[in-house]
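Order of the sequence lines fixes the chain letters, A, B, ..., with proteins taken first and strands second; residue numbering starts at 1 for each chain.
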Amino acid sequence: MNLFDDIKALVLDGLDALTRDGTLPAGLDFANVTVEPPRDPAHGDMATNAAMVLAKPAGLKPRDIALALVDRLTADARVAQAEVAGPGFINLRLADGVWQRLVAGILTAGADYGRVTRGQGKRVNVEYVSANPTGPMHVGHTRGAVFGDALANLLAHAGYDVTREYYINDGGAQVDVLARSVYLRYLEAHGQEVAFEDGTYPGDYLIDVGRALKDKVGDAYVGQPESVWLTEVRTFATDAMMALIREDLAALGVRMDSFFSEKSLYGTGRIEAALADLDAKGLIYQGVLEPPKGKTLEDWEPREQTLFRSTAHGDDVDRPVKKSDGGWTYFAPDIAYHYDKVSRGFDMLVDVFGADHGGYVKRMKAAVSALSDGRVPLEVKLIQLVRLTRGGEPVKMSKRAGTFVTLRDVVDQVGADVTRFVMLTRKNDAPLDFDFDKVLEQSKDNPVFYVQYAHARVCSVMRKAAAAGTVPDDAALAAADLSGLSHPAELDVVRKLAEWPRLVDIAAQTGEPHRVAFYLYDLASAFHALWHRGNAEPDLRFLSDDDRGDPAKIALPRAVAVVISAGLGILGVKPLEEMR
RNA sequence: GCACCCAUAGCUCAGCUGGAUAGAGUGUCGCCCUCCGAAGGCGAAGGUCGUAGGUUCGAAUCCUACUGGGUGCGCCA
C-alpha cells in the first residue's frame with residue numbers, strides 16, 4: 001500500500017493512453033518517470049517529471065506533453081487537481097477521500113503498513129558485530145551491532161528473508177593471547193603472584209574466568225608448559241567470552257540467528273576447498289608482490305607466496321592467502337567463510353565492518369565475486385567511530401589501562417532503547433558524537449525523547465477517551481466515517497504518513513537505517529505541530545470537551561502511533577506509552 | 001605513492017541514488033499556556049553546498065582534475 005506507487009501507475013496508464021492515441025510516439029522508455037512528494041508543499045501533494053523526461057525522446061515540448069497528460073489525470077476521481085508548473089512538472093492535488101482511505105488503510109494494516117516487496121523473498125545474510133571473543137564488547141562494537149541489527153530489520157521489512165549472523169574470530173593468534181591471559185588468572189586463583197606483560201590482556205573480566213578454570217581442572221595445569229594446557233584453555237576461554245558477548249548482545253536487544261566459528265574452518269578441509277574452487281578458476285598462483293610505494297616497510301624483502309588473483313575481480317593488487325612459512329593468512333579463512341555463505345544459497349551478502357577495515361573491502365568483494373561467479377553481490381557497510389563525551393568533555397579511554405568503556409557501561413547508564421536510537425541518528429560512514437548527559441535529556445533537541453513523546457501523547461489521548469467510555473479499536477476506526485478528516489492541518493500529517501512505505505523502500509535500497517530515525521523525527525514534529533494548533537483551534541483537538549473520541553478525530557493520532565511504533569520497531573526501540 | 005570515506009548555515013548534521021526558492025536541530029533575536037501533556041508550538045536572521053571544469057531541459061547529488069581532513073596498504077585479525 002504505497003500511495004506513490006498508485007499514482008505512478010495512474011501516470012503510466014495515462015502515458016500508455018497517450019501513446020495509443022498517437023500523442024506520444026510508440027516505444028518510449030518510461031523508466032525515468034517518477035512520482036515524488038514536491039519539496040515545497042505549496043506545489044501540491046505529488047509531482048511527476050514525466051513531461052520533462054519524455055520531451056526529448058518524443059521530440060515534443062514538455063508543456064505539450066504535460067497538458068495532454070493533465071487531461072488524462074484529472075479524469076481520475078483520486079485527482080482533485082492537476083496543473084503544469086515550472087519547467088514542465090505536473091503537480092497533483094489529491095482528493096480528501098484518498099487521504100481518508102489511507103488513514104483507514106494504516107489502521108487496518110497496523111504494523112504491516114510500510115512493508116514493501118523490494119526483497120521479493122530473496123535470502124540475504126547480514127554479518128555484523130563479529131567482535132573478537134577476547135573480552136566484553138566495547139562502544140565501538142555497539143554501534144556496529146545496532147546498525148547491523150537495524151539494517152537486518154529494515155531489510156526484513158522490505159521483503160527480504162534475512163539471516164543475522166555473527167562470525168566468531170576464534171581461529172587466530174589473539175585467542176592464544178586470551179588463553180595465556182586466562183592461564184595467568186588461573187595461576188592467580190591458585191594464590192600465585194603473576195605479572196601481565198605486553199601481549200596479554202590485563203582486564204579484570206578474566207579474573208572470574210581464571211577462577212572458573214580452577215574450579216574445573218583444579219591444579220592440573222599449574223607449573224605445566226603451554227603444550228599441556230593451551231588447546232584446552234583456549235576453548236574454555238573463548239566459550240566464556242562468547243557467553244559474555246551473548247549477554248552483552250542480549251542487553252542491547254540484539255538476537256542473532258546464527259553464530260559461525262572461524263575455528264571450524266581449520267583442519268576440516270574447508271579452507272582448502274574454497275581455495276581449490278578459486279584455483280579451478282585459474283585465480284591462484286605463486287608470485288612475488290611489489291612493496292607498497294611511498295610507505296617505508298622495514299625488513300621488506302621480496303618473497304614468493306601463494307596469491308589470489310583478486311585483480312581479476314576489481315581489486316588493486318593480488319592478495320596473499322598463504323604466509324611465507326606456509327600457514328594461512330587471515331584472508332584465507334575469510335574466503336572460506338564467504339564461500340560457505342555462497343554455498344548456503346544466499347542471494348545477497350552484507351558485511352558490517354568497522355571503518356578501519358575499509359582497506360579490506362575490495363578484496364572481499366573480489367573473493368565473493370570469484371566464488372559465486374558474479375552471481376551474489378556483497379555489500380559492505382563501514383561503521384565510523386563513536387566519540388564518547390560527558391557534558392561535552394571527552395571520556396578518557398585507555399585500552400592498556402583497561403579503562404575502555406564497554407557496551408554494558410553505556411546500556412546500564414542510558415538504556416538499550418536510547419543507545420540504539422542515538423546510534424542510528426547518524427549516517428553509518430559519519431563519525432558519531434555520543435554524550436552521556438545529552439542523550440538522557442528530556443527535551444526537543446534529544447530526538448529519542450521527541451519521538452517517544454509524540455507516541456506517548458497519542459497514548460494519553462486514547463487513555464482519556466477510554467476513561468470517557470469511548471474506546472473504538474483500530475478496526476472500528478478504520479470502518480468509521482472519516483470524511484470529517486479534511487482540515488489542511490490534519491492532512492499535512494497524513495501526507496507525512498503516506499511517505500512511510502516509500503521511505504522504507506529507499507532506506508532498504510540504500511542500506512541506510514538512519515533515514516528511518518530522521519523520518520520519525522519529522523513525523524513527530526508534524527504531529528506536535530498539529531497537537532499545538534488544537535490549543536487555539538478547538539476543531540483540531542482530538543477529543544471533544546467531554547473527552548469523547550470522535551472516530552474522524554482520533555483515527556489520525558492512532559495512525560501516527562502505528563507508524564511511529566513500526567518505525568521504532570525497525571530501529572529496535574520500544575515505543576513508550578507515557579513519559580516519566 | 002596508491003586505494004577507500006568525508007567536506008552543506010556560527011556549531012552538530014539531513015538532503016528522498018538528477019528536480020522547482022538547499023532543509024532540521026542547536027545557538028542568537030521576537031512571540032504563544034483560563035485550552036487533550038508548554039517535556040511543546042510559531043516566526044526572524046543565518047549559505048559562492050571545499051575549488052575549477054564537464055555531462056543535460058535541470059547538479060549539493062553523476063564524471064574528471066585539484067585542495068583540505070580521516071582510514072588503510074605482504075608474513076596482525
Integer angstrom distance from the P of B:G53 to that of B:C11
26 Å
Please give the distance between the C1' atoms of B:A7 and B:U51 as a whole number of Å.
12 Å
No-hydrogen, no-angle side-chain donor-acceptor test under 3.5 Å, A:Thr306 and A:Gln286
yes
Looking only at atom C1', what distance separates B:C36 and B:A22, rounded to whole Å?
37 Å
Quick check: any donor-acceptor pair below 3.5 Å linking the side-chain of A:Asp40 to the base of B:A22?
no
What nucleotide among B:G37, B:G74, B:G19 has an atom nearest to a side-chain atom of A:Arg303?
B:G74
Regarding A:Val53, tell me which of base, sugar-phosphate or nothing describes its non-hydrogen contacts under 4.0 Å with the strands shown.
base
So which one's nearest nucleotide on RNA chain B is more toward 5', A:Pro87 or A:Asp316?
A:Asp316
Residue closer to the 5' end of RNA chain B, A:Asp170 versus A:Leu540 (nearest nucleotide)
A:Leu540
Between A:Ser460 and B:C36, does any side-chain N or O lie under 4.0 Å from OP1 or OP2?
no
A:Ile245 CD1 to A:His141 NE2 distance, which is reported to the nearest 0.5 Å:
7.5 Å
Strand partner of B:G46, provided both Watson-Crick or wobble distances fall under 3.5 Å
none
Using a 4.0 Å heavy-atom cut-off across all strands, classify A:Asp505 as base, sugar-phosphate, or nothing.
nothing
The contact string for nucleotides 4-14 of chain B, one letter per nucleotide 5' to 3', using protein heavy atoms under 4.0 Å with B, S and - for base, sugar-phosphate only and none, comes out as SSS-----SSS
If I pick the P atom on B:A9 and the same atom on B:C75, what distance separates them, to the nearest angstrom?
41 Å
Any side-chain donor near an acceptor of the partner, A:Tyr285 and A:Asp318, under 3.5 Å:
yes
Donor-acceptor pairs under 3.5 Å, side chain of residues 421-429 of chain A to any protein atom, not counting sequence neighbours: which ones?
from	atom 1	to	atom 2	distance (Å)
A:Thr425	OG1	A:Val422	O	2.6
A:Asn428	ND2	A:Leu382	O	3.0

Within the structure shown, what part of the strands sits under 4.0 Å from A:Ala507 by heavy-atom distance: base, sugar-phosphate, or nothing?
nothing
Atom NZ in A:Lys496, atom CG in A:Leu503: separation rounded to 0.5 Å?
8.5 Å
Describe the nucleic acid contact of A:Asp325 in one word from base, sugar-phosphate, nothing, applying a heavy-atom distance below 4.0 Å.
nothing
Opposite nucleotide pairing with B:G37, Watson-Crick or G-U, both atom distances under 3.5 Å
none
Tell which nucleotide pairs with B:A22, taking only Watson-Crick or G-U wobble pairs whose two distances are both under 3.5 angstrom.
none
Considering only B:C76, B:U17, B:A20, which nucleotide approaches the side chain of A:Arg39 most closely?
B:A20
Base-pairing assignment for B:U71 (Watson-Crick or G-U wobble, both under 3.5 Å):
B:A3
Nearest to the side chain of A:Ala47, which nucleotide is it out of B:A77, B:A20, B:G74?
B:A20
Which is true for A:Tyr519 with a 4.0 Å heavy-atom rule: it touches a base, it touches only sugar-phosphate, or it touches nothing?
nothing
Is it true that A:Thr238 and A:Asp170 share a donor-acceptor pair across their side chains at a distance under 3.5 Å?
no
What is the ring orientation for A:His514 with A:Phe518, classed by angle as parallel under 30°, tilted 30 to 60°, or perpendicular over 60°?
perpendicular
Nearest-Å distance, OH (A:Tyr360) to P (B:C76)?
13 Å
Measure CG/A:Asp176 against P/B:C76 and give the value in whole Å, please.
13 Å
Suppose you measure atom C1' in B:G47 against the same atom in B:C4; what distance do you get, rounded to whole Å?
29 Å
Taking the same atom, C1', in B:G10 and in B:A52, what whole-Å distance lies between them?
27 Å
Quick one: A:Asn32 CG to B:U55 C1', roughly how many Å, whole number?
15 Å
Whole Å only: how far is the NE2 atom of A:His43 from the P atom of B:A22?
11 Å
Pairing nucleotide - B:A60, Watson-Crick or G-U, each distance under 3.5 Å
none
Run the ring-ring contact (aromatic ring centres under 6.0 Å, His included) test against A:Phe434 and tell me which residues pass, sequence neighbours left out.
A:Phe436
Using the P atom as the reference point in each nucleotide, state the distance between B:U67 and B:U55 in Å, no decimals.
24 Å
A:Arg502 charged N/C atom sitting above A:Phe4 aromatic ring, 6.0 Å / 45°
yes
Residue set satisfying ring-ring contact (aromatic ring centres under 6.0 Å, His included) with A:His528, at least two apart, ordered chain then number -> A:Tyr450, A:Tyr453
A:Leu178 CG - B:A77 P separation (whole Å)
15 Å
When you measure from the side chain of A:Lys323, which nucleotide among B:A3, B:C75, B:G19 comes out closest?
B:C75
Looking for any heavy atom pair under 4.0 Å, which part of the strands does A:Glu36 touch: base, sugar-phosphate only, or nothing?
sugar-phosphate
Set of residues satisfying ring-ring contact (aromatic ring centres under 6.0 Å, His included) with respect to A:Phe260, sequence neighbours excluded:
A:Tyr337
Anti/syn call for B:C33, syn if |chi| within 90°:
syn
Taking the C1' atom of each, how far is B:G46 from B:C29, in whole Å?
12 Å
Exercise: do A:Tyr128 and A:Asp351 side chains pair donor with acceptor under 3.5 Å
no
Give one of base, sugar-phosphate or nothing for A:Leu543, where a contact means two heavy atoms less than 4.0 Å apart.
base
Summarise how protein sits on nucleotides 38-43 of chain B as a single string, 5' to 3': B when a protein heavy atom is under 4.0 Å from the base, S for sugar-phosphate-only contact, - for no contact.
SBBSS-
Measure from NE2 on A:His357 to C1' on B:A77 and round the result to the nearest Å.
6 Å
